[in-house]
Protein chains: 2
Amino acid sequence: MTTRSTEQSYSGPQVCRLVGITYRQLDYWARTGLLVPSLASATGSGSKRRYDYTDVLEVKVIKSLLDAGVSLQRARRAVDCLRDGLGQDLASTSLVLTPTGSVLARSNGEIVDLLQGGQGVFNIVPLASVIDDLQADIVALGDGRAEGPAARHPATA
Amino acid sequence: MTTRSTEQSYSGPQVCRLVGITYRQLDYWARTGLLVPSLASATGSGSKRRYDYTDVLEVKVIKSLLDAGVSLQRARRAVDCLRDGLGQDLASTSLVLTPTGSVLARSNGEIVDLLQGGQGVFNIVPLASVIDDLQADIVALGDGRAEGPAARHPATA
DNA sequence: CGTCGAGACGACATCGATGTAGTTCGAATT
DNA sequence: AATTCGAACTACATCGATGTCGTCTCGACG
């Protein structure tokens with residue numbers, strides 16, 4: 001259903017434009033192991049990192065969490081959990097960070113249950129909007145194609 | 001109920017013990033204006049800050065948010081909102097930080113509504129547990145008394 | 001081949017939040 | 001009033017995350 005051919009791949013700068021973070025951030029995340037590109041890690045000067053669609057999705061989730069004031073470390077743990085559930089239908093799922101760990105909740109009911117008993121703060125990321133957003137951005141960035149001529153400048157934004 | 005009458009007051013170090021933060025943190029928050037003690041700000045070396053019950057509650061909410069990885073700045077904005085709703089019955093309320101602002105939600109239904117339409121991350125603090133916790137800690141800290149004959153100011157609400 | 005550009009790398013600077021240590025003052029106690 | 005103690009103050013160090021800049025290297029293309 002998702003318009004992913006075999007496997008789209010994205011360069012670092014492309015990912016940055018897609019999700020709206022700086023290259024330094026992505027670079028830092030890759031260097032510190034917070035988010036390793038699935039397709040190809042850097043192997044030295046001149047090499048190129050290659051990111052997966054799911055990588056980009058994770059980056060976008062991380063950015064969302066950062067925007068919400070959540071620290072990188074916590075964001076990373078949350079994304080670990082997200083990765084575990086990648087098989088599921090994420091569009092109808094929310095990523096919930098509880099004080100004791102992160103889970104994927106597949107309904108509002110589950111969320112309410114979690115809130116009920118929990119003490120502490122919950123960070124909730126409705127994944128639907130993140131995925132929609134990302135899809136739109138991918139389309140906007142060069143007709144849905146990821147590779148090729150690195151997608152011309154998108155109006156410099 | 002014999003305990004906590006109208007207006008207890010707490011010293012800085014007391015607040016720290018109550019909510020489990022370091023004095024340095026509370027000090028920093030007071031100095032940077034993030035959380036000004038309601039009853040008495042510091043007026044120089046040797047002076048003493050005096051905190052309100054609601055101050056302590058706010059501190060505890062801030063700590064909860066910090067534990068959840070939320071930045072101080074965002075936490076502060078959230079607490080602003082909390083302060084606005086201090087009149088209400090907070091025990092059955094959740095503090096919800098949305099991407100666009102913070103609100104007090106008085107039911108799970110409200111929360112679900114918020115989640116439904118929103119994009120981005122939500123930080124949700126069920127206040128009941130915070131309040132319970134705090135009450136228990138206050139009792140544990142000296143029989144419910146806040147501090148001996150220390151200042152009893154009206155301080156309004 | 002030699003040039004060139006994109007992107008990774010390295011060494012810094014910065015900024016917010018906090019820890020540590022020592023100093024100084026106000027106020028309660030003697 | 002003098003002592004003492006607690007708490008605020010000052011100055012510095014630290015740590016994570018990021019910005020800046022300059023360098024290096026791979027790969028493409030002339």
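Letters go in sequence order (proteins before strands), and every chain restarts at 1.
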### Message
Run the side chain to side chain contact (heavy atoms under 4.5 Å, CB included) test against A/Val36 and tell me which residues pass, sequence neighbours left out.
### Response
A/Ser41
### Query
Taking the side chain as C-beta and beyond, is there a heavy-atom pair between A/Ser94 and B/Leu115 under 4.5 Å?
no
### Query
With side chains defined as the heavy atoms from C-beta onward, is the minimum distance between A/Arg50 and A/Gln8 less than 4.5 Å?
no
### Task
Identify, residue by residue, the members of residues 56-70 of chain A with a heavy atom below 4.0 Å from DNA chain C, and return them in order of residue number, or none.
none
Is there any protein nitrogen or oxygen under 3.5 Å from a nitrogen or oxygen in nucleotides 13-16 of chain D, and what are the pairs?
none

### Summary
Assert: residue with more 5' nearest nucleotide on DNA chain C, out of B/Ser71 and B/Gly44, is B/Ser71
### Task
Can you sort out the partners of B/Thr32 under side chain to side chain contact (heavy atoms under 4.5 Å, CB included), two or more places apart, ordered by chain and number?
B/Tyr28, B/Leu34
#### Entry: Pairing of A/Asp27 and A/Arg49 as salt bridge, 4.0 angstrom limit
yes
### Residues that A/Leu66 engages under side chain to side chain contact (heavy atoms under 4.5 Å, CB included), provided they are two or more places apart
A/Gln25, A/Trp29, A/Ile62, A/Leu72
### Message
Tell me the interatomic distance from B/Leu26, atom CG, to D/dC9, atom C1', rounded to whole angstroms.
### Response
15 Å
### Task
To the nearest Å, give me how far apart OH (A/Tyr10) and P (C/dG7) are.
16 Å
### Task
Name the nucleic acid region contacted by A/Arg31, choosing base, sugar-phosphate or nothing; use a 4.0 angstrom heavy-atom cut-off, strictly under.
base
### Query
Would a distance-only check, ignoring hydrogens and angles, find a side-chain to backbone donor-acceptor pair under 3.5 Å from A/Arg77 to A/Gly101?
no
### Message
With a cut-off of less than 4.0 Å, is there a side-chain N or O of B/Thr22 near OP1 or OP2 of C/dG19?
### Response
yes
### Task
Let me know, please, whether B/Asp27 or A/Gln25 comes out on the 5' side of the other along DNA chain D by nearest nucleotide.
B/Asp27
### Query
For the side chain of B/Thr98 and the backbone of B/Thr100, is there at least one donor-acceptor N/O pair under 3.5 Å apart?
yes
### Query
Within a strict 4.5 Å, meaning less than it, do heavy atoms of the B/Leu18 and B/Ile138 side chains meet?
yes
### Length of the line joining B/Arg50:CZ and C/dA27:P, which is rounded to integer Å
13 Å
Filtered N/O pairs between nucleotides 21-24 of chain C and protein, under 3.5 Å:
{"unit_1": "C/dT24", "atom_1": "O2", "unit_2": "B/Ser45", "atom_2": "OG", "d": "3.2"}

### Message
Heavy atoms from C-beta onward define the side chain here; which of D/dT18, C/dT18, D/dA7 lies closest to that of A/Trp29?
### Response
D/dT18
### Message
Between B/Asp55 and B/Ser38 (side chain of the first, backbone of the second, donor and acceptor by atom type, cut-off under 3.5 Å), is there such a pair?
### Response
yes
#### Entry: Donor-acceptor contact present, side-chain A/Arg106 to main-chain A/Asp89, <3.5 Å
no
### Summary
A/Arg49 atom CZ is separated from D/dC26 atom C1', nearest whole Å, by 14 Å
